[in-house]
Amino acid sequence: MGISALPQLRRYQTAMTSLFSELNPEQLAAITLPPQSALILAGAGSGKTRVLTTRIAYLIQSGQANPHQILAVTFTNKAAKEMLVRISAMLPINLRNLWIGTFHGICHRMLRMHYLDAGLLQNFQILDSADQLALIKRIQKILAVDEKRFPPRQVQWFINNAKESGLRAAFVISDDAYSRRMQEIYHAYEQQCQKESAVDFAELLLRCYELLSRNEILRQHYCERFSHVLIDEFQDTNSLQYRWLKLLAGIGRPDAAAVFAVGDDDQSIYSFRGACVSNMVDYEREFGIAKVIKLEQNYRSHGHILEAANELIRNNPQRLGKNLWTSEGKGEPLRIYGAVNDHEETAFVVEEIKSLHVSGIALSEIALLYRSNAQSRILEHGLFNAGIPYRVYGGMRFFDRQEIKHALAYLRLIANPNDDSALLRVINFPTRGIGARSLEQLQDDAKESGASLWHTAMQKSGGETVLAHDLSKPLRGIAGFVRLILAMQQACQTLPLPQIIEHILEHSELLAFYGKERDGAERLENLNELINAATSFVHETDDDSLTEFLAHASLEAGEHQAGSGQEALQLMTVHAAKGLEFHSVFLSGLEEGLFPHENSINEINGLAEERRLMYVAMTRARRRLYLSFAHNRMLHGQIRYNVASRFISEIPQNCIKWLKQSFSNSAHENESRKSIFSQSFTGNQQGFSSNHDSWKIGQNVLHAKFGAGVIINCEGSGSDARVQINFAQSGSKWLLLEYAKLTKA
DNA sequence: GTCAAGTCGATTTTT
DNA sequence: TCGACTTGAC
């Protein structure tokens, strides 16, 4: 090394030292691994993102790779963005050539670059789930498929599943009438997508996979380019994504990339949408991972919380094995509250949040979690009445709003007139006198000629000759619509992106329409926000192509949530809480049937996934964790009787502080219980006797073989008297009272 | 084309 | 129970 390199070396060493400060030995080992494929088992709160980002910074800083050679894959846009921000903070260099993105984002990027090889048009559009569903419905109508026998959602599920298994319609196995019909729909869907130049989410992955597997030159190119591939949340990959990775990384080739996979099998909670935890084991074997690095030191939670979570997850079979620990103390015990009903549970949560807030904990540092969205209503109700500001996560996203979808449909039509879906969405919105009759006629004509709706509509209106683009007159009927779109297309050729949107909003009369609507103010605001979104898109990406903006809108439906950053209590499902942390966490509705959810009990490995979900929920808490349940709860308009979740009994007693045992003998509680039953069961069998014991619905009982349970139903009398009992361990059963030998618990 | 009544279904969800 | 969605009447 020459003298001139010395200052650089010194600078490099200083940079490295600061990069590595305060890392634990395992983190450091992971970050500085030699360039070979690795698996990092990163427990909750173990500094996973830090390891991932520091690894990238290290590779670049140490000269092992330049940004151009690195590919980092995440699951959400949020994670990708955060990674980029953190790397930028570590490295004061231009990261333009560093590819960071979601699987879908990266596949999309490749497809745009190689659209010809991928068999796509340059202006191909991306269908989000709602677009996809609409298209499927349309196709079912054309094929005259009974929507009762073939619910569009199931068809959608079928198609996406096939694609995620790498199967085109032609290769789907169909050995009965039902699956043959499914295949038929899938086939027609494939054709229609190609005709409209539309690509759904699963298609992005499958096309890209096929592109790489078919095109040796391209694959060679990317194998040579990416010497390092880093993957976040590896436990959430589906099988197609894993196959794509094997292809891209060039597994088995001499120039194979070093894959750095980070994941946690205990936090795999998305198998219901195709995630394949077994990918981790396959990966270990197929990529020849010599040593798995485990990050087990937790920087988030206090001891009791970790111990409880560890003990819980130990009940799962087939784990890769991992135990979180902390250098912090035991901290507070978990607080458990057993309520009689959902109202009492809510009252408890509300009171406790109030006092936490009074004691100085910011509301935004408190999370109220639940297993299913239906649970939020009663909680929201209680919070609202108590005047506690809260924010519910999930739900409608910016680009999913109907006014935004309408505006985007006009834009899509301008970018790609063959987009039948977009045309159908706006041809009569706002209404311009095109009824079902003329629409049907248009669709029939299009079907006959095999042309797109747009093409057909244009011919009907007399071709392009008629078109004096006069926007000053009202544009009615199909001919009017055609003139409108043509005029828009022409105007948009010269305008920059934000002005294009302004233009279409104005001339489509969307603004006028929502201006007249009763509660159109918010929609107008959102439409205005769409212009802002376009402005910042152009600003951030230096790209003002309409097609790119539309792709952005489909791929990043989120992040545009209003009202974020406010000081408010955080309400969300456990799934939505993954990756987040809070000072205090309330976990509500811990009942058999709800959490673990009854539907999951019958699924293969369903219970294990529920337990992982519970594990994820618990490890969100830094200092304080509340668990609560209610013995009876209103669900789907009926009162349901439940026992406490088995997960509570899997937590060691020494970690727990019971704030209130359910059904203790206090007179007050018995009173409140009675009143509830008499209220909700007027007209029903209220109770009956046998062996001078009276058994009531809601009674906690013990059975010699099945253990603890709750009576949830009863019928018959005398020696025929039977009770239905929901047992904690074995689910609900009907038992003859005479033989059941029940005791009150 | 709009509104009201009727039906149906109800874990979890990102891209 | 409640909401989304479809159907039928003007």
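In what follows, every chain begins at residue 1, and chains take the letters A, B, ... in the order their sequences are listed.
Put simply, A:Asn373 has no side-chain N or O that comes within less than 4.0 Å of OP1 or OP2 on B:dT11. An OP1 or OP2 oxygen of B:dT14 is reached within less than 4.0 angstrom by a side-chain nitrogen or oxygen of A:Arg397.
Toward the 5′ end of DNA chain B lies the nearest nucleotide of A:Ala436, the other residue of the pair A:Ala436 and A:Asp128 mapping further downstream. Of the two residues contacting DNA chain B, namely A:Arg432 and A:His575, the nearest-nucleotide position lying further toward the 5' end is that of A:Arg432.
The distance from atom CD1 of A:Ile639 to atom P of C:dC2 is 13 Å, rounded to the nearest whole Å. Atom CG in A:Asp342 sits roughly 12 Å away from atom C1' in C:dT1 (whole-Å rounding). Atom pair A:Leu204:CG and B:dT15:C1' shows a separation of 8 Å (rounding to whole Å applied). For the pair A:Gln235 CD and B:dT13 C1', the interatomic distance rounds to 15 Å; values are reported in whole Å. Straight-line distance from the CG atom of A:Asn77 to the P atom of B:dT13: 17 Å, rounded to whole Å. Residue A:Trp157 contributes atom CH2, which lies 18 Å from atom P of B:dT13 at whole-angstrom precision. One atom, NZ of A:Lys81, and another, C1' of B:dT15, lie 14 Å apart when rounded to the nearest Å. Regarding A:Lys78, its NZ atom lies at a distance of 15 Å from the C1' atom of B:dT15, rounded to whole Å.
Among the heavy atoms of the strands, none lies under 4.0 Å from A:Asp200. Within 4.0 Å of A:Glu603, counting heavy atoms only, lies at least one base atom of the nucleic acid. Contacts of A:Glu610 with the nucleic acid, taken as non-hydrogen atoms under 4.0 Å apart, include base atoms. Looking at heavy-atom distances under 4.0 Å, A:Phe75 makes contact with sugar-phosphate atoms alone, never a base. Residue-level contact check: A:Ser554 touches neither bases nor backbone, having no heavy atom under 4.0 Å from any strand.
The aromatic ring of A:Phe272 stacks onto the base of B:dT12, its centre lying under 5.5 Å from the centre of the six-membered base ring with the two planes under 30° apart. By the 5.5 Å and 30° criteria, A:His104 is not stacked with the base of B:dT15.
Ring to ring, A:Tyr514 and A:His406 are not that close: their centroids are 6.0 angstrom or more apart. Aromatic ring centres of A:Tyr115 and A:Phe124: separated by at least 6.0 Å. Residues A:Phe272 and A:His575 bring their aromatic ring centres within 6.0 Å.
Using a 30° and 60° split on the angle between ring planes, A:His552 and A:Phe549 fall in the parallel class, below 30°.
In the interface, the side chain of A:Thr102 is not paired with the base of B:dT14 through any donor and acceptor atom under 3.5 Å apart.
Using P as the reference atom, B:dT12 and C:dC5 are 16 Å apart when rounded to the nearest Å.
A side-chain donor from one of A:Gln132 and A:Asn160 sits under 3.5 Å from a side-chain acceptor of the other.
Counting heavy-atom neighbours within 6.0 Å of A:Gln318 CD, excluding the residue itself, gives a total of 12 or less.
The side chain of A:Arg377 lies closest to C:dT1 when the candidates are C:dT1, B:dT15, B:dT11. Across B:dT14, B:dT2, B:dT11, the shortest atom-to-atom separation from the side chain of A:Thr431 is found for B:dT2.
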